[in-house]
Amino acid sequence: MGLNGKIALVTGGAQGIGLAIAKRLAGDGAHVVLADIQLEAAEKSSEEIKSLGGLASAKRLDVTDLKEIQSVFDSISKEHKPVDILVNNAGITRDGLLVRMKESDWDAVLSTNLKGCFLCTQQATKQMMKQRSGSIVNIASIVGVMGNFGQANYSAAKAGLIGLTKTTAREVASRGVTANAVAPGFIDTEMTQKLDEKVRNAMLEQIPLGKFGSPEDVADSVAFLVSDQAKYITGQVININGGMLM
Ligand code: NDP
């Protein structure tokens, strides 16, 4: 129970990878705040964690809305204490070939996946630097490193997230705060279940371990990065992809 007494905020924590991370951090003793644009789903997931004996609560949060972000951080400070662990997980896809991609699809993906992370990180680091401790983990993606057909917006956002992670790590290190990223490959969630069968099979052929990852595979690495065992690790990107990218 290495995270006893810590407050962890997981954006997009209502389902998928975010929920697996929330469950894992709660299992390690943290009070987890599931902050999601889908409040009802976040509340249901928070109840599930509580029924398993964990500490959890839910907040409505749209990571593209600065006012809402400020109000969530303020209310967590008032109700508990400032956030110790921030997991920037909220993300969306709006796939389409570059030549046909609508400007609105570019903007939506960059705004949620990259600017949202910047805005949440800015709020969190203000508090963490004062506390002289804290850890931030950003959920990037293999496609931020490799690129991917039909994902100009998403791969640009995820590549940006890697640069943002490294800059954050450099700027906050002297105050005892770490920032790292994980770059999952193809993980079995609603996001990838939307993919066409042909695309899923083509992806599988490229994965040496021969299967998609599970949300728990990602949660295990996040739990390590926010633990005391990782206190000398910052500015790193951990690849979780079954060997798809070596
Ligand atoms: P899901 O779509 O299953 O879950 C994401 C959650 O975030 C949803 O509840 C979603 O709500 C919510 N969300 C969307 N927009 C916002 C917003 N503006 N503010 C707050 N919450 C929001 O995604 P995954 O669990 O698959 O992915 C989680 C993260 O992992 C993402 O950043 C994704 O890019 C990344 N990732 C996923 C991979 C995969 O293979 N699944 C691989 C690599 C990275 P709603 O349902 O309304 O959109």
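We count ligands from 1, going down the list as the structure has it; atoms in each ligand are counted the same way.
- Side-chain polar atoms of Asn180 and Gln236 form no donor-acceptor pair below 3.5 angstrom.
- No side-chain donor from either of Gln151 and Thr93 sits under 3.5 Å from a side-chain acceptor of the other.
- In this structure, Ala140 has a heavy atom closer than 4.0 Å to ligand 1.
- At a 3.5 angstrom cut-off on N or O pairs, Gly18 does not count as close to ligand 1.
- With ligand atoms numbered from 1 in the order given, ligand 1 contributes 20 (C), 21 (N), 22 (C), 32 (O) to contacts under 4.0 Å with heavy atoms of Ala90.
- Checking Ser227 against Gln229 by side-chain atom types alone, a donor-acceptor pair falls below 3.5 Å.
- For ligand 1, the atoms sitting less than 4.0 Å from at least one non-hydrogen atom of Ser141 are 43 (C), 44 (C), numbered in the order shown with element in parentheses.
- Ala41 does not count as a contact of ligand 1, since none of its heavy atoms falls under 4.0 Å from the ligand.
- In this structure the side chain of Ile136 reaches within 4.5 angstrom of the side chain of Thr121, judged on heavy atoms.
- Salt bridge status for Glu68 with Arg60: present, with a side-chain N to carboxylate O gap under 4.0 Å.
- Atom 25 (O) of ligand 1 has its closest protein heavy atom at Ile17 N, 2.8 Å.
- Here the heavy atom of the protein found nearest to atom 31 (C) of ligand 1 is Asn89 O, 3.1 Å.
- Checking Thr165, Thr168, Asn88 one by one against Cys117, the side chain to side chain contact (heavy atoms under 4.5 Å, CB included) holds for a single residue, Asn88.
- Between Leu19 and Ser45, the closest heavy-atom pair is CD1-CB, 3.5 Å.
- Taking only nitrogen or oxygen atoms, main chain and side chain alike, Val63 reaches within less than 3.5 Å of ligand 1.
- Taking a 6.0 Å sphere around NZ of Lys50, one finds it holds more than 12 heavy atoms contributed by other residues, nucleotides or ligands.
- Considering both main-chain and side-chain atoms, Thr189 comes within under 3.5 Å of ligand 1 through a nitrogen or oxygen pair.
- Nearest to atom 30 (O) of ligand 1 among the protein's heavy atoms is Ile139 CG2, 3.3 Å.
- Residue, atom and distance of the protein heavy atom nearest to atom 10 (C) of ligand 1 are Asp36 OD1, 4.0 Å.
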### Message
For a side-chain contact (heavy atoms from CB on, under 4.5 Å) check, start with the C-alpha distance between Met128 and Val172, then their side-chain angles and the critical distance, and finish with the verdict.
### Response
CA-CA 9 Å; Met128 289 174 178; Val172 299; over 6 Å; no
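- Of the polar atoms of Gln15, at least one N or O is found under 3.5 Å from an N or O of ligand 1, judged by distance alone.
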#### Entry: Stepwise salt bridge (Lys or Arg N to Asp or Glu O under 4.0 Å) test for Arg200 and Asp188
CA-CA 10 Å; Arg200 277 175 71 89; Asp188 223 345; 3.7 Å; yes
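- Residue contact check for ligand 1: Phe212 places no non-hydrogen atom closer than 4.0 Å to it.
- At least one heavy atom of Thr112 lies less than 4.0 angstrom from ligand 1.
- Contact atoms of ligand 1 toward Ile92: 14 (C), 15 (N) (distance under 4.0 Å to a heavy atom of the residue).
- Ligand 1 has no nitrogen or oxygen under 3.5 angstrom from a nitrogen or oxygen of Asn113.
- Listed by chain and residue number, Ser214, Ile240 satisfy the side chain to side chain contact (heavy atoms under 4.5 Å, CB included) test with Asp217 (two or more places apart in sequence, or in another chain).
- Taking a cut-off of under 4.0 Å to the non-hydrogen atoms of Phe186, the atoms of ligand 1 that pass are 40 (O).
- Scanning for side chain to side chain contact (heavy atoms under 4.5 Å, CB included) contacts around Arg170 gives an empty result, with sequence neighbours left out.
- Of all protein heavy atoms, the one closest to atom 46 (O) of ligand 1 is Gln38 NE2, 4.0 Å.
- Nearest protein neighbour of atom 20 (C) of ligand 1, counting heavy atoms only, is Leu61 O, 3.0 Å.
- Ion pairing of Lys59 with Glu79 is present here, as a side-chain N (NZ or NE/NH1/NH2) and a carboxylate O approach within less than 4.0 Å.
- For ligand 1 and Ile187, the ligand atoms under 4.0 Å from any heavy atom of the residue are 39 (C), 40 (O), 41 (N).
- Interface atoms of ligand 1 facing Gly16, defined by a heavy-atom separation under 4.0 Å, are 25 (O).
- With respect to atom 42 (C) of ligand 1, the closest heavy atom belonging to the protein is Gly185 O, 2.9 Å.
- Interface atoms of ligand 1 facing Thr192, defined by a heavy-atom separation under 4.0 Å, are 39 (C), 40 (O), 41 (N).
- The minimum heavy-atom distance linking Ala179 with Ala169 is given by the pair O-CB, 3.6 Å.
- Among all protein heavy atoms, the one lying closest to atom 36 (N) of ligand 1 is Tyr154 OH, 3.5 Å.
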